[in-house]
Amino acid sequence: MKPTNGTSLSLAELRNDIVGIDTKVPLLDGTERRYVFLDNAASTPAFRSVLKCVEDFLPWYSSVHRGTGFKAVVATNVYDQSHRIAGAFVGANPALNVVMFGKNTTECANKLANRFELKPDDVVVATAMEHHSNDLPWRKHCKVIHVGINTDGGVNLQELKDALATHKGKVKLVAVSGASNVTGICSPIHDIAQWAHDAGAKIFVDAAQLAPHRPINILPNNDPRHIDFLAYSAHKMYAPFGIGVLIGPTEFFEKGAPDMVGGGTVSYVGLEEVEWGAPPQKDEAGTPNVVGAVALAEALTVLGAVGMETIAQHEQELLEYTIPKMKKIPGVHVYGPTEDFSSKVGVVPFTVDGLDHALVATILSVEGGIGVRNGNFCAQPYMRKLLGVTPEEERANRADRCDNPVIPGMVRASFGCYTNTEDVDIFLATLEMIARKQYKGTYTADPITGMYVAKGHRMNAAQHFRFFNPLETTPHGEEVA
Ligand SMILES: Cc1ncc(COP(=O)(O)O)c(C=O)c1O
């Protein structure tokens, strides 16, 4: 299956396009089960089309922008076009915006923060919902105001407007996630853009969690609701080959020095003097990840062939199917919106009464063959707010960390565009069994990491990879002889 622009693909075809959709994993009872992957918010599997495209490209692989050989020309054309495709996916006008690649959203946010030339008393308005990757890069450079969270888990928009008014003149940027990786809640990014612009600031949208789930249009650059800067990651979009995308106005990136310097960034180097080249090459120091770029371009082409509206609708239906059933399981608590899913992507955080989140996630894996995530999802302030952890409890937990590996957290089930109700049914049945405390295994927590090991569960990764040394295994299962 290799859709090109203009062809269409159904959701069922999309599911067949997932590498490893039928992979079987060992369960505690000695049987095997098809792996149900519900950790798509972390990283998605690859599309088969992407894998095939990478294979098709590799005979043409060459480093880009420097060679004159035929393969260098092919690779350069494909690499440059992948920038255009990554921008078009979110409606960026190539005449006014530049698309550059880093290795992921984190690197792109850091790059932008380094390029912004912020002064210590400048202000970035962020929210208490942010992933650490859209918070810590700004804290390095200036004052960050964290707008609070409503009881439903959404950003307090009035507080955001107040912060813009209070710090008007000082606010250089509003940095918000398009969708939370904890609750899936989407913020009204175009409204926020308008308020930011009215206050003389720009907006950066961390779209790591929005781009895989919803159509995005950054709008024309002269529209007051335009998104100035936006980043997303290919590994959350079925192309896990190490690419992140950063988009912003060309005139912004034309100014100043690149954050990372070296080969490819310059037009002139003398022993005393350097002239920087034009973006995006100026901001992509060294030999770029050409294979990753090709993979991303193909993944975006596949997603475009299905249609992001179709994917959004499908994921909404999955939420409507899943969350009411979860709410009916005694002892299970779902966080974030539980009735209206119109502003929420397919990310479902929950806890189970009386059971540590790490234990629940381990049982889902070893007794259900289900892959989820547990912990704080790189959003510690948001997690503590959702769980109602008081500052005193927070302090006690930090001091106690060596003796008590249980940190406040949740379990997160997250959907991909290929997830179906069969996956959800397996998840719900296993969760119900866990909530009833009818799990079979004997589990012990590692006193340092807090991760659980199931007695008798064997995870023999050595059988899959010839380089793998079983003696260096991590504590996800008992050691394999
Ligand atoms: C909302 C959000 N922002 C940023 C990131 C960081 O993305 P990456 O790990 O690709 O840098 C993630 C990853 O989970 C995320 O969900």
Side-chain angles (χ1 to χ4, degrees), residues 37-46 86 90 100-114 124 126-139 144 146-147 149 153-155 173-187 189 192 203-214 216 227 229-247 259 289 292-293 295-296 299-300 315 335-336 343-349 371-383 385-386 409-416:
F37 188 63
L38 294 179
D39 194 14
N40 295 280
S43 273
T44 58
V90 296
M100 59 192 63
F101 292 150
K103 67 175 189 283
N104 48 37
T105 301
T106 305
E107 190 174 286
C108 291
N110 274 279
K111 177 183 279 297
L112 185 61
N114 293 336
V124 167
T127 81
M129 176 196 267
E130 299 313 308
H131 189 283
H132 299 159
S133 293
N134 190 28
D135 179 359
L136 305 185
W138 308 110
R139 289 198 210 179
V144 177
H146 295 96
V147 171
I149 299 301
V155 175
L173 187 79
V174 178
V176 287
S177 47
S180 159
N181 63 313
V182 178
T183 52
I185 293 176
C186 301
S187 292
I189 52 174
I192 298 173
I203 182 170
F204 166 64
V205 171
D206 163 1
Q209 217 53 248
L210 186 66
H213 302 286
R214 294 278 168 113
I216 299 177
I227 306 300
F229 301 95
L230 181 134
Y232 62 91
S233 293
H235 71 94
K236 295 183 195 292
M237 304 184 72
Y238 313 94
F241 290 83
I243 277 278
V245 182
L246 175 62
I247 299 169
D259 71 321
N289 177 359
L296 172 66
L300 298 181
E315 289 186 7
Y335 297 81
S343 291
K344 173 182 166 78
V345 300
V347 175
V348 187
V372 293
R373 179 65 60 101
N374 73 282
N376 54 54
F377 318 118
C378 299
Q380 292 189 21
Y382 189 40
M383 177 59 62
K385 177 84 186 154
L386 291 168
M410 297 178 188
V411 188
R412 178 184 74 184
S414 54
F415 304 145

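Since the structure is predicted, the reported quantities are computational estimates derived from the model, not experimental observations. Positions are given from 1 along the sequence. Both ligands and their constituent atoms are indexed starting at 1 by order of listing.
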State the atoms of ligand 1, each with its element, that fall below the 4.0 Å cut-off from a heavy-atom position in H235.
8 (P), 9 (O), 10 (O)
Are side-chain heavy atoms of V348 and S414 found at a separation under 4.5 Å?
no
Nearest-0.5 Å distance, SG of residue C378 to CG of residue D135:
11.5 Å
Is there a side-chain contact between V372 and F37, using heavy atoms and a 4.5 Å cut-off?
no
Need the ligand 1 atom indices (1-based, order shown) with element for anything under 4.0 Å from a heavy-atom of S233.
7 (O), 8 (P), 10 (O)
Examine ligand 1 and decide if any of its atoms is less than 4.0 Å from a heavy atom belonging to D206.
yes
Yes or no on side chain to side chain contact (heavy atoms under 4.5 Å, CB included) for S343 and I185, after CA distance, side-chain angles and deciding distance?
CA-CA 6 Å; S343 291; I185 293 176; 5.6 Å; no
Considering only protein heavy atoms, which is closest to atom 7 (O) of ligand 1, and at what distance to one decimal place?
T105 CB, 3.7 Å
Atoms in ligand 1 with a heavy atom of A208 nearer than 4.0 Å
2 (C), 3 (N), 4 (C), 5 (C), 12 (C), 15 (C)
Tell me, please: is K236 in heavy-atom contact with ligand 1, that is, under 4.0 Å?
yes
Is the CZ atom of R214 crowded by more than 12 outside heavy atoms at less than 6.0 Å?
yes
Does ligand 1 have a heavy atom under 4.0 Å from the side chain of E107, from its backbone, from both, or from neither?
neither
Nearest non-hydrogen protein atom to atom 6 (C) of ligand 1, with distance, is T106 OG1, 3.5 Å
I'd like to check M410 versus F377 (side-chain heavy atoms, cut-off strictly below 4.5 Å). Are they in contact?
yes
Do me a favour and list the nearest non-hydrogen protein atom to atom 16 (O) of ligand 1 with residue, atom name and distance?
Q209 NE2, 2.5 Å
Could you walk me through whether T105 and S233 satisfy the side-chain hydrogen bond (donor to acceptor under 3.5 Å, both in side chains) test, starting with their C-alpha distance in whole Å, then the side-chain angles of each, then the deciding distance to 0.1 Å, before giving a yes or no?
CA-CA 5 Å; T105 301; S233 293; 2.6 Å; yes
Point-to-point distance, once rounded to the nearest 0.5 Å, from CG of L246 to CZ of F101:
11.0 Å
Atom 15 (C) of ligand 1: the protein heavy-atom neighbour that sits closest, reported with distance to 0.1 Å:
H131 CD2, 3.3 Å
Got an N/O contact under 3.5 Å between S177 and ligand 1?
no
Subset of ligand 1 atoms that lie under 4.0 Å from at least one heavy atom of N104
8 (P), 10 (O), 11 (O)
